[in-house]
Asks: 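Below you will find the structure I want to go over with you.
Throughout, a chain's letter reflects where its sequence line sits, starting with A, and its residues are numbered from 1.
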Amino acid sequence: MIHSLFLINSSGDIFLEKHWKSVVSRSVCDYFFEAQERATEAENVPPVIPTPHHYLLSVYRHKIFFVAVIQTEVPPLFVIEFLHRVVDTFQDYFGVCSEPVIKDNVVVVYEVLEEMLDNGFPLATESNILKELIKPPTILRTVVNTITGSTNVGDQLPTGQLSVVPWRRTGVKYTNNEAYFDVIEEIDAIIDKSGSTVTAEIQGVIDACVKLTGMPDLTLSFMNPRLLDDVSFHPCVRFKRWESERILSFIPPDGNFRLLSYHVSAQNLVAIPVYVKHNISFRDSSSLGRFEITVGPKQTMGKTIEGVMVTSQMPKGVLNMSLTPSQGTHTFDPVTKMLSWDVGKINPQKLPSLKGTMSLQAGASKPDENPTINLQFKIQQLAISGLKVNRLDMYGEKYKPFKGIKYMTKAGKFQVRT
Amino acid sequence: MLESNKDSAKLDAMKRIVGMIAKGKNASELFPAVVKNVASKNIEIKKLVYVYLVRYAEEQQDLALLSISTFQRALKDPNQLIRASALRVLSSIRVPIIVPIMMLAIKEASADLSPYVRKNAAHAIQKLYSLDPEQKEMLIEVIEKLLKDKSTLVAGSVVMAFEEVCPDRIDLIHKNYRKLCNLLVDVEEWGQVVIIHMLTRYARTQFVSPWKEDDGLEDNEKNFYESDDEQKEKTDKRKKTYAMDPDHRLLIRNTKPLLQSRNAAVVMAVAQLYWHIAPKSETGIISKSLVRLLRSNREVQYIVLQNIATMSIQRKGMFEPYLKSFYVRSTDPTMIKTLKLEILTNLANEANISTLLREFQTYVKSQDKQFAAATIQTIGRCATNISEVTDTCLNGLVCLLSNRDEIVVAESVVVIKKLLQMQPAQHGEIIKHMAKLLDSITVPVARASILWLIGENCERVPKIAPDVLRKMAKSFTSEDDLVKLQILNLGAKLYLTNSKQTKLLTQYILNLGKYDQNYDIRDRTRFIRQLIVPNEKSGALSKYAKKIFLAQKPAPLLESPFKDRDHFQLGTLSHTLNTKATGYLELSNWPEVAPDPSVRNVEVIELAKEWTPVGKAKKENSAKKFYSESEEDEDSSDSSSDSESGSGSESGERGESGEEGDSSEDSSSGQESESGSESGVEDERTAKRNSKPKGKSDSEDGEKENEKSKTSDSSNAESSSIEESSSDSESESDSESETESRRVTKEKGKKTKQDRNPLTKDVSLLDLDDFNPVSTPVALPTPALSPSLIADLEGLNLSTSSSVISVTAPVFVPMKTHVLLHRMSGKGLAANYYFPRQPCIFGDKMVSVQITLNNTTDQKIENIHIGGKKLPIGMQMHVFNPIDSLEPEGSITVSMGIDFCDSTQTASFQLCTKDDCFNVNIQPPVGELLLPVAMSEKDFKKEQGMLTGMNETSTVIITAPQNFTSSVILQKVVNVANVGAVPSGQDNIHRFAAKTVHSGSLMLVTVELKEGSTAQLIINTEKTVIGSVLLRELKPVLSQG
């Protein structure tokens, strides 16, 4: 399976390597660098690169390439999914996953990697278990460790590994028992020039933060479970119960986890909460172009739209832009040609707009395509699909937990073609 | 610092060393100093030393040996974590000298009590194998042993080891196949991927192809074609009824929930399994899950899209509903964009092409020119595939010729060339237009294409062609090689058609070509000169020069680059790379004849096999030796004493209340049996049933009979429903807690540690002993257990009854079907059901029912599902998944589970199609509410002794003596009821044992032969109602000749 792992930063330095079988020379990464060079952007580096003796499978996250070296046939998704799991684990351990953080915690990283794979086959990937094996570093623990010389390696086999609930550790204790669920929905949409929707779909997740003592057994039911078209569960969810009753029944892992991700069927019409009015024009003769965007609320169910952010990749011919926003701030990077406008809240009475001119490269012909506008926004307290949690019950424990459910709608890949 | 006495200093030193290793710096000279610390007490130091050792042991073999003794000691440590990690490190040290030590350690660890250690042993197998392949034989033995392990923790790792060491030893899988299928859901996700891939290969070698033409089931002689897609495979016409092997079905069914996994690799693995081994009609369900994966990271998208691309070539319909999910966003990386385009092209058809073309228009304008070019090719492919839009596409492409971007124009030219080649007529205008473009386009491929096009059509554009040649002759020297070749071609063609105008020009070009630097061009020049310029030497060939150059050229086929990938198993690395990766294992073609399915049967208690009626091969097949023994939970050993004390008192209570209920039932049933008219009906019915097995093949006959018996059934049901209500009220009280606890035990597999599991503590202790014997849906072969486990199991008896009860495979499965819905009343939809007598996979308390749906209309019946249910209180039903559509003459078999609560009450529900709803009923014959159990004669007598008095019913049978041979009695009894035979010491007594599906109460049947032609039939059971009904059913059967 996985032979070795190399971590490569964006400037092409290998800053960490780990081998699970015989050592593979880091020169194998030269093939990767070659491919990296060929691809203009980091995103375009192919995830699978064959070399004469090895295969390099890579993922690119947080500006770091995680390159796994394998030697024999293996399902590529297996490796890719695992690498993503590694990144998630690092994030879970250190808060962020970046080059300096990994360098600072190289020993913990090494220990974690050692536990995650044995001979290239995943051993423990549940973060609940890993954290019992190797305690995540905290400031307090670092201080204590240096004084007492104690370690952050657990000496007991986490019971979860052996029990039938491998995702939960035993002996969890909290004084405040609480369970929070965030229903987050993202709208993926493509809006065409005239403002009509080309495609729109809703992808949702339920992220949970459960801090409950003991072995609670939770059930979560929805008012309208039929909305959910396609779902994927955390392994803790009992599939049969869902099949038969459309109820989520599970013994939760401790801490943060993603309970469920779902897809709202495409048949349902998706309410698009914002509209963008745009007027972007280039003229053949002059070296100036006009630029004007207005963002406004559409179907928001009475909620305010927050955190609006407009980004757009301008054509190469654009040299600079002089724009004035009615609210928020904007920046234009003349090198990457990226325009971004941080709008903030939308006030329906006074719609935010961004107006101005673009200066174009003199003599160059006008770009034949107008830029697409990418939109980000957030709406609190609203699940745009109309999904509602009916109730949450707990069995198996005596205490009364504190329960909370939050809804949020966000823009996913929301594009407006102009 | 490593020499320091303080742990903290050592730790610090080790951390620095590990830091060096991580950066790839050489730290090998520190080896002696580090190795000393291998015995350190501090666990963190120890771990870091392990890390170091594993990294450098290969380079410093002699020194590494110093550490071995430490590991050997640690292998005996009481802490399983330490044992496991010692094994891990020991096996990771790649020093050939210690191979024997490793082998020994693996052997020991594979018998370890801790599944965690066993899992590590499975990993160690692979390591040892890569170190020393000569150990293969020994390792296979260990693998064989570990494959029998029933821990979900081990399963994934050992299958991995199997794949690595001996993927061809498929015979090792047979016995474990069902276990693996059943465990699959509970295995950790990485193991799932490996197991699914392995089982896919397995299934392809062991089962016959389910890809058949959809014929109705009535049509017993079915043609058995290989699917259209597999045209390479020789079509094979064999007249044979296709019935899917139940094991094949088991695999498909058990993997389905995994489509909902959060792990993309698992979803993909299931998808490829469905693709490769499921019937075509069922493959559709994977598309939704695959489309879901597209929301994932770009790498996952990339792989999934590749696989979808391959699938969409073969079966467009699968992904057509998700067309819009493949629309391209400007923020996608280029590789994703191209893949999406590819899929869109594959999905294009007459209906959606106009929307697609509109979408393509936006893509063409994309800033990503590489992508725009790919779009143009796509348009070209759509144009060739769908003739309706060829003209529109062509016009659109011509418009693009005036695009400002060179790459776009060039690509359009190339595509137009291909399109025109397909329809050479009347496109003179376009050619002229393109000729004009020659001045502005600089991309060689495009120029070459235009030249070729002009040359090919030079007769249609007589004025332009020579002019173009003139221009080209001027710039010949500065052209690209590709263009030069085409100029030569053009010259030659013009020379042949219009030699008057172009003779000199061509000769000039040929001269230029003669001295070109490129040998290819020189070669071509020489060839053309010889061919077209007439001279003495040129032989017969020059006469044909015109034919050679101006022959009709077949139009190119614009094909998908994914066309040739389908011979690789989906989801594999080889598929992604489109080359065979090292270690890729070919997916074999379906065998024409399925290998003997009985190899998967786990050995049942011998006697059951002996009793199986001989000469009925069909029965033998269908009698699946599926559950040989109810599995005791491994973990429960710690808690057994616990639960016993807890449940003892409770079960006593329960028994009391049960008896109370029973007594009332008893009286009512007594009344019932008195009413003569009804028993008459009853007799008639059973008589008919008895005649059934003979006419088994004659299904039509059987159907009629069923109908009749059904009417009598229903009259019976009415009366029995009254009596049952009392028993229901009894079970109602605990039904709540029961469902609760069942959920817990079942879904969590092996969770019975009540002390750890407070959930069950207060509510469900009462029931635990009730369903533990039924246990998890895991088939566990007795001989498959390692001896130590058997020993474990023996000490595990939870309650009194479970000591003797173990569910066995049904001795015999009657193929009798009952009509659920007649085709006349179902508007063409006919449904039959029968009881496969298998433990239900949906729940331990359910009876499995197989429903065969037939479409007798000439139209598709869509969306067949179960609508409203009208079930008596306490009864539960697990419905089958809705069937999207059923082709005319098609038939499909689905399985359901119904918990009848040990009563013969009718389960009424609605069978709905898209348009209609039909009310249907299933009423179980009492014999189907049982599961056979195996027990010894001694146990039987013991149990019988406890079930006397009012729990006993008996009757006298009178019949001819020839009916009293043991085989005849066995045959008759098992025909009526799903019971297991108990070995008997006496010739004149035959015993059968079973337990009820819902409550697990024992049902003991004794046939004692008396003097002459009489016999006594005794039934002992707590459930007296069922007992008496069964008695009534058995009596006429046994009395008959």
Asks: State the CD-NE2 distance between Glu299(B) and His84(A), to the nearest 0.5 angstrom.
Replies: 4.0 Å

Asks: Tell me if the aromatic rings of Phe121(A) and Trp190(B) count as close, with their centers under 6.0 Å from one another.
Replies: no

Asks: With side chain to side chain contact (heavy atoms under 4.5 Å, CB included) as the criterion, how do Lys23(B) and Phe15(A) come out once you've worked through the C-alpha distance, each side chain's angles and the decisive distance to 0.1 Å?
Replies: CA-CA 6 Å; Lys23(B) 287 197 191 84; Phe15(A) 65 93; over 6 Å; no

Asks: Answer with side chain, backbone, both or neither: which region of His197(B) has an atom nearer than 4.5 Å to a non-hydrogen atom of chain A?
Replies: side chain

Asks: Does any N or O in the side chain of Arg298(B) come within less than 3.5 Å of the main-chain N or O of Glu43(A), such that one atom is a donor and the other an acceptor?
Replies: yes

Asks: Run the numbers on Gln313(A) and Ser330(B) for side chain to side chain donor-acceptor pair (under 3.5 Å), then give the verdict.
Replies: CA-CA 9 Å; Gln313(A) 171 77 54; Ser330(B) 63; over 6 Å; no

Asks: Which region of Arg258(A), side chain (C-beta onward) or backbone (N, CA, C, O), has a non-hydrogen atom less than 4.5 Å from a non-hydrogen atom of chain B, or is it both or neither?
Replies: neither

Asks: Checking Thr572(B) against chain A: side chain, backbone, both or neither under 4.5 Å from a heavy atom?
Replies: both

Asks: Salt-bridge test for Lys288(B) and Asp230(A): reply yes if a basic N is under 4.0 Å from a carboxylate O, no otherwise.
Replies: no

Asks: Would you mind checking which part of Leu259(A) comes under 4.5 Å of any heavy atom in chain B, side chain (CB onward), backbone (N, CA, C, O), both or neither?
Replies: neither

Asks: With the threshold set at 4.0 Å, does a side-chain nitrogen-carboxylate oxygen contact exist between Arg85(A) and Glu189(B)?
Replies: yes

Asks: For the interface with chain A, which of Asn263(B), Ile336(B), Val300(B) has the highest count of heavy-atom pairs at distances below 4.5 Å?
Replies: Asn263(B)

Asks: Side chain, backbone, both or neither: which part of Phe6(A) has a heavy atom under 4.5 Å from chain B?
Replies: neither

Asks: Hey, is the main chain of Pro235(A) close enough, under 3.5 Å, to the side chain of Arg262(B) for a donor-acceptor pair?
Replies: no

Asks: Can a salt bridge be assigned to the pair Lys119(B) and Asp118(A) using a cut-off of 4.0 Å between side-chain N and carboxylate O?
Replies: no

Asks: Considering only heavy atoms and a distance below 4.5 Å, find which of Gln260(B), Met335(B), Glu163(B), Arg292(B) pairs most often with chain A.
Replies: Gln260(B)

Asks: Side chain from CB out, backbone as N, CA, C, O: work out which of these in Val304(B) comes under 4.5 Å of a heavy atom of chain A, or both, or neither.
Replies: side chain

Asks: Nearest 0.5 Å, what's the CG-OG1 distance between Leu323(B) and Thr199(A)?
Replies: 9.5 Å

Asks: For Met314(A), is it the side chain, the backbone, both or neither that has a heavy atom under 4.5 Å from a heavy atom of chain B?
Replies: backbone

Asks: Non-hydrogen atoms of chain B under 4.5 Å away: do they reach the side chain of Gln415(A), the backbone, both or neither?
Replies: side chain

Asks: With side chain to side chain contact (heavy atoms under 4.5 Å, CB included) as the test, would you mind laying out the steps for Leu123(A) and Tyr116(B) before giving the verdict?
Replies: CA-CA 10 Å; Leu123(A) 194 60; Tyr116(B) 185 69; 4.2 Å; yes

Asks: Check this for me, if you would: do Glu115(A) and Arg88(B) make a salt bridge, where the nitrogen-to-carboxylate-oxygen distance has to be below 4.0 angstrom?
Replies: yes

Asks: Of the listed residues (Val106(A), Leu16(A), Asn44(A)), which shares the most heavy-atom pairs with chain B below a 4.5 Å separation?
Replies: Asn44(A)

Asks: Under 4.5 Å heavy-atom distance to chain A, tell me which part of Ser157(B) shows up: side chain, backbone, both or neither.
Replies: both

Asks: So, for Lys413(A) and Leu294(B), which heavy atoms are closest and what is the spacing to 0.1 Å?
Replies: NZ-O, 4.4 Å

Asks: Quick one: does any side-chain atom of Lys324(B) pair with a main-chain N or O of Val198(A) as donor and acceptor, under 3.5 Å?
Replies: yes

Asks: For Gln272(B), which atoms come within 4.5 Å of any heavy atom of chain A: side chain, backbone, both, or neither?
Replies: neither

Asks: Only pairs of heavy atoms separated by less than 4.5 Å count here; which of Thr331(B), Val291(B), Val18(B), Leu259(B) has the most with chain A?
Replies: Thr331(B)

Asks: Within the 4.5 Å heavy-atom criterion, are Phe239(A) and Val185(B) side-chain neighbours or not?
Replies: no

Asks: Please classify the contact between Met160(B) and chain A as side chain, backbone, both or neither, with a heavy-atom cut-off of under 4.5 Å.
Replies: side chain

Asks: Considering non-hydrogen atoms only, spot the tightest contact between Ser232(A) and Ser261(B) and give its length.
Replies: CB-O, 3.6 Å

Asks: Quick check on Leu113(A) against chain B: is it the side chain, the backbone, both or neither that has a heavy atom closer than 4.5 Å?
Replies: neither

Asks: Drop me the distance from Leu57(A)'s CG to Ile303(B)'s CD1, to the nearest 0.5 angstrom.
Replies: 6.5 Å

Asks: With the threshold set at 4.0 Å, does a side-chain nitrogen-carboxylate oxygen contact exist between Arg358(B) and Asp192(A)?
Replies: no

Asks: Pick one of side chain, backbone, both or neither for Val89(B), based on which atoms fall under 4.5 Å of a heavy atom in chain A.
Replies: neither

Asks: Given the options Glu188(B), Met268(B), Glu359(B), which has more heavy-atom pairs under 4.5 Å with chain A than any of the others?
Replies: Glu359(B)

Asks: First locate atom CD of Gln301(B), then atom CD1 of Ile80(A), and finally report the distance between them rounded to the nearest 0.5 Å.
Replies: 11.5 Å

Asks: Is it the side chain or the backbone of Gln192(B) that comes within 4.5 Å of chain A heavy atoms, both, or neither?
Replies: neither

Asks: Would you please name every residue forming a ring pair (Phe, Tyr, Trp, His ring centres under 6.0 Å) with Phe233(A), sequence neighbours left out?
Replies: Trp242(A)

Asks: Sort Phe82(A) into side chain, backbone, both or neither according to what part of it lies under 4.5 angstrom from a heavy atom of chain B.
Replies: both

Asks: Please look at Ile21(B) and chain A and tell me whether the side chain, the backbone, both or neither of the residue comes under 4.5 angstrom of a heavy atom of that chain.
Replies: both

Asks: For a side-chain contact (heavy atoms from CB on, under 4.5 Å) with Arg295(B), tell me which candidate from Glu201(A), His263(A), Glu186(A) qualifies.
Replies: Glu186(A)

Asks: Any heavy-atom pair between the side chains of Val54(B) and Trp20(A) that's under 4.5 Å?
Replies: no

Asks: Start with the C-alpha gap between Glu81(A) and Val266(B), add the side-chain angles, then the distance that decides, and say whether side chain to side chain contact (heavy atoms under 4.5 Å, CB included) holds.
Replies: CA-CA 10 Å; Glu81(A) 185 75 20; Val266(B) 177; over 6 Å; no

Asks: Using non-hydrogen atoms only, which part of Val193(B) is less than 4.5 Å away from chain A: side chain, backbone, both, or neither?
Replies: side chain

Asks: Rounded to the nearest 0.5 Å, what separation is found between the CZ atom of Arg55(B) and the NZ atom of Lys18(A)?
Replies: 9.5 Å

Asks: Might you work through the side chain to side chain contact (heavy atoms under 4.5 Å, CB included) test for Lys21(A) and Ser130(B), ending with a clear yes or no?
Replies: CA-CA 10 Å; Lys21(A) 299 187 181 180; Ser130(B) 62; 6.0 Å; no

